[in-house]
Amino acid sequence: MTHLNETHDPALRSWVESANQATNDFPLQNLPFAVFRRQGSGEAFRGGVAIGEQILDLALAAASGAFTGEAAGALQAASGETLNTLMALGQPSWSALRLALSRALREGAAEQARLAACLVPQSDAEFAVPARIGDYTDFYTSVHHATNIGRQFRPDNPLLPNFKWIPIGYHGRASSIKVSGQTFPRPVGQTLPPGATEPTFGPCKRLDYELELGVFMGSGNALGERIAITDAEASVFGLCLLNDWSARDIQAWEYQPLGPFLSKNFATTISPWIVTLEALAPYRVPFTRPEGDPQPLPYLDAPANWAQGAMDVQLEVLLQTQAMRDAGEDAARLSRTSYRHAYWTVAQMVAHHTVNGCNLQPGDLLGTGTLSGPTLDEAGALIELTVGGKQLLTLPNGQTRGYLEDGDAVVLRGWCEKAGAARIGFGECVGTVLPARQV
Ligand SMILES: O=C(O)/C=C/C(=O)CC(=O)CC(=O)O
Ligand SMILES: [Ca+2]
Ligand SMILES: [Mg+2]
């Protein structure tokens with residue numbers, strides 16, 4: 001599955017000075033992809049790779065003839081308005097491009113003069129959704145989230161018996177996925193007030209976020225074929241941050257028997273940067289299950305999945321209210337966890353999704369599901385942190401929250417760090433709630 005190579009060497013330094021700062025999300029060992037243009041320029045969007053505080057413009061780099069061979073083909077494929085063409089090329093091409101970028105951005109590289117002319121400061125850039133997302137599926141891979149939220153929705157039966165056998169998911173909505181910076185009006189819809197027998201219509205009163213990672217598919221599979229668990233990771237292009245905004249009161253009324261519908265399809269926000277699985281290789285950790293839990297069925301089981309199927313990605317959620325923004329106060333942290341606690345891995349999600357011959361295509365997006373850790377302060381949604389809105393959170397400025405209010409901005413962050421490896425980060429995923437439209 002994952003192999004460390006020269007691109008992971010923590011001693012590597014870049015001629016882009018800002019990439020060498022220890023706290024930076026985008027050192028030479030990361031090299032995540034986005035689609036960007038200069039803010040307000042009206043230029044075409046094109047692929048870019050983060051390096052320190054800069055973006056290497058991949059269209060300009062391709063035009064400069066910087067690379068040869070497979071890396072040059074991959075660079076060309078990353079020059080368009082979406083990364084789908086690059087994603088479709090497959091893992092050997094992504095890896096060839098990563099190696100060429102790593103070498104060309106290193107201190108002393110012969111390409112420095114040519115590529116220095118292809119840098120755009122991130123502070124001058126605006127981003128787009130990095131791929132044309134044909135389909136979006138959201139999984140439910142955290143047993144802690146499933147148990148906590150199950151207590152709210154199904155007090156008698158919080159964790160349904162299929163959870164430990166099937167990576168549960170629902171088909172989401174691709175059209176309302178937007179990039180970090182998204183604003184959206186509070187959704188309106190039907191809800192059943194407590195004790196009532198008939199629903200009412202109006203603005204959502206229980207608006208929530210969900211802390212997730214998004215999985216961008218690369219090469220995918222043909223209709224009727226399946227991706228074996230042992231091939232699954234090679235078909236994945238990379239990971240981003242994902243906020244699956246959720247209207248809990250709408251959800252509670254509509255979700256049986258077919259699952260979430262209008263409660264989750266009004267907005268989904270993703271981070272601009274996609275961190276490749278190759279960049280995440282140093283942060284792979286063993287996948288574990290509690291003693292006595294079922295062995296996965298054979299199509300969901302592989303030795304490599306146990307050995308290093310999980311990933312230690314640190315995650316946090318922060319909130320900045322309108323009052324905090326007006327007072328110039330930073331966002332306050334609500335919770336922190338790690339992706340390593342997931343009950344199903346990326347490889348299991350892909351193997352399961354395709355086992356019936358369903359085709360995943362380049363640019364398709366899978367959500368991991370809400371990533372809650374084992375303790376309640378590691379929860380990835382307000383419905384868990386506030387126990388259904390009943391135990392209010394107090395923010396540093398004294399404001400309290402059960403669910404989200406208008407003007408609230410939710411910030412997701414992700415990063416990996418440990419001794420002996422370079423720290424790499426995902427940047428941020430920010431979205432802001434606006435007042436509901438007139439109903
Ligand atoms: O347990 C339920 O009925 C509902 C669960 C969710 O709302 C979560 C969902 O979107 C999947 C996830 O994020 O884990
Ligand atoms: Ca979700
Ligand atoms: Mg959503």
Side-chain angles (χ1 to χ4, degrees), residues 32-35 45 47 78 80-91 94 127-142 167-182 184 209-221 227 232-246 259-261 264-277 279-280 311 313 315 339 342 344-354 358-371 380 412 414 426-431:
F33 290 84
V35 161
F45 281 101
E81 297 201 9
T82 68
L83 296 175
N84 293 67
T85 311
L86 174 67
M87 290 166 162
L89 286 181
Q91 211 281 328
W94 313 329
F127 296 91
V129 172
R132 194 173 53 255
I133 301 172
D135 278 297
Y136 159 52
T137 304
D138 193 25
F139 281 87
Y140 188 50
T141 67
S142 163
I168 305 280
Y170 67 93
H171 282 118
R173 182 83 196 163
S175 63
S176 48
I177 301 174
K178 300 291 173 198
V179 78
S180 183
Q182 179 175 22
F184 61 89
Y209 58 79
E210 287 187 334
L211 166 66
E212 305 197 17
L213 286 168
V215 179
F216 269 104
M217 290 306 300
S219 29
N221 58 309
I227 303 178
E233 288 198 354
S235 73
V236 168
F237 182 72
L239 269 54
C240 64
L241 301 166
L242 185 152
N243 185 343
D244 181 22
W245 303 96
S246 298
F261 182 30
K264 286 173 181 277
N265 70 4
F266 57 92
T268 302
T269 312
I270 59 172
S271 60
W273 296 109
I274 307 175
V275 177
T276 62
L277 284 202
L280 290 163
M311 300 178 201
V313 180
L315 297 161
Y339 181 39
W344 297 100
T345 64
V346 168
Q348 288 170 320
M349 284 160 53
V350 170
H352 184 65
H353 204 310
T354 62
C358 173
N359 48 330
L360 292 173
Q361 305 192 88
D364 279 2
L365 185 65
L366 313 180
T368 56
T370 311
L371 296 172
L412 310 183
F426 285 73
E428 284 187 350
C429 173
V430 188

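A quick note: this is a predicted structure, and the numbers were derived from the prediction, not measured. The first residue of the sequence shown is numbered 1, and numbering continues consecutively from there.
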Under 3.5 Å, is there a donor-acceptor pair between the side chain of [X] and the main chain of [Y]?
X	Y	answer
Asn243	Glu210	yes
Thr370	Gly380	no
Ser176	Asn265	yes

Hey, could you give me each pair passing salt bridge (Lys or Arg N to Asp or Glu O under 4.0 Å) that has a residue in residues 171-182? Not counting sequence neighbours.
none

Could you state the interatomic distance from [atom1] ([X]) to [atom2] ([Y]), rounded to the nearest 0.5 Å?
X	Y	atom1	atom2	value
Tyr136	Tyr170	OH	OH	4.5 Å
Thr276	Leu239	OG1	CG	9.5 Å
Leu242	Thr268	CG	OG1	6.0 Å
Ser246	Phe266	OG	CZ	6.5 Å
Cys240	Leu365	SG	CG	5.5 Å

Restricting to non-hydrogen atoms, name the atom on [X] and the atom on [Y] that form the minimum distance, rounded to 0.1 Å.
X	Y	result
Ala347	Glu233	CB-CG, 4.1 Å
Thr368	Asp138	N-OD1, 4.3 Å
Thr354	Ile227	OG1-N, 3.0 Å
Trp94	Ala234	CZ3-O, 3.6 Å
Glu428	Ser271	O-CB, 3.5 Å
Thr269	Cys429	O-SG, 3.4 Å

What about the rings of Trp273 and Phe127, do their centers lie closer together than 6.0 Å?
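Close enough - the centres of the two rings lie under 6.0 Å apart.
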
In chain order, what residues pass the side-chain contact (heavy atoms from CB on, under 4.5 Å) check against Thr137, with sequence neighbours excluded?
Phe139, His171, His353, Leu366

Who pairs with Asp135 by side-chain contact (heavy atoms from CB on, under 4.5 Å), at least two apart in sequence or on another chain?
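Asp135: side-chain contact (heavy atoms from CB on, under 4.5 Å) contacts with Asp364.
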
Please report the C-alpha distance between Leu412 and Leu315 in whole Å, then the side-chain angles of each, then the deciding distance to 0.1 Å, and finally whether the side chain to side chain contact (heavy atoms under 4.5 Å, CB included) criterion is met.
CA-CA 7 Å; Leu412 310 183; Leu315 297 161; over 6 Å; no

With sequence neighbours left out, write down each residue that passes ring pair (Phe, Tyr, Trp, His ring centres under 6.0 Å) with Phe33, or none if nothing qualifies.
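Expected list: Phe237.
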
Using the test ring pair (Phe, Tyr, Trp, His ring centres under 6.0 Å), find all partners of Phe45 that sit at least two apart in sequence or belong to another chain.
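None.
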
Enumerate donor-acceptor pairs with a distance under 3.5 Å from any side-chain N or O in residues 212-221 to protein atoms, sequence neighbours excluded.
residue, atom, partner, partner atom, Å
Glu212, OE1, Gly369, N, 2.9
Asn221, OD1, Leu360, N, 2.7
Asn221, ND2, Glu225, O, 3.0
Asn221, ND2, Cys358, O, 3.0

More than 12 non-hydrogen atoms from neighbouring residues, nucleotides or ligands closer than 6.0 Å to CZ on Phe184, yes or no?
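Above 12, so yes.
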
If you apply the rule side chain to side chain contact (heavy atoms under 4.5 Å, CB included), what do you find for Leu371 with Thr141, and how did you get there?
CA-CA 8 Å; Leu371 296 172; Thr141 67; 4.2 Å; yes

With a 4.5 Å cut-off on side-chain heavy atoms, are Ile270 and Pro130 touching?
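A side-chain contact exists here, since the closest heavy-atom pair is under 4.5 Å.
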
Hey, does Met87 have a side-chain heavy atom less than 4.5 Å from the side chain of Thr82?
no

Apply the test side chain to side chain contact (heavy atoms under 4.5 Å, CB included) to residues Leu277 and Met311: give CA-CA distance (whole Å), side-chain angles for both, the deciding distance (0.1 Å), then the verdict.
CA-CA 10 Å; Leu277 284 202; Met311 300 178 201; 3.8 Å; yes

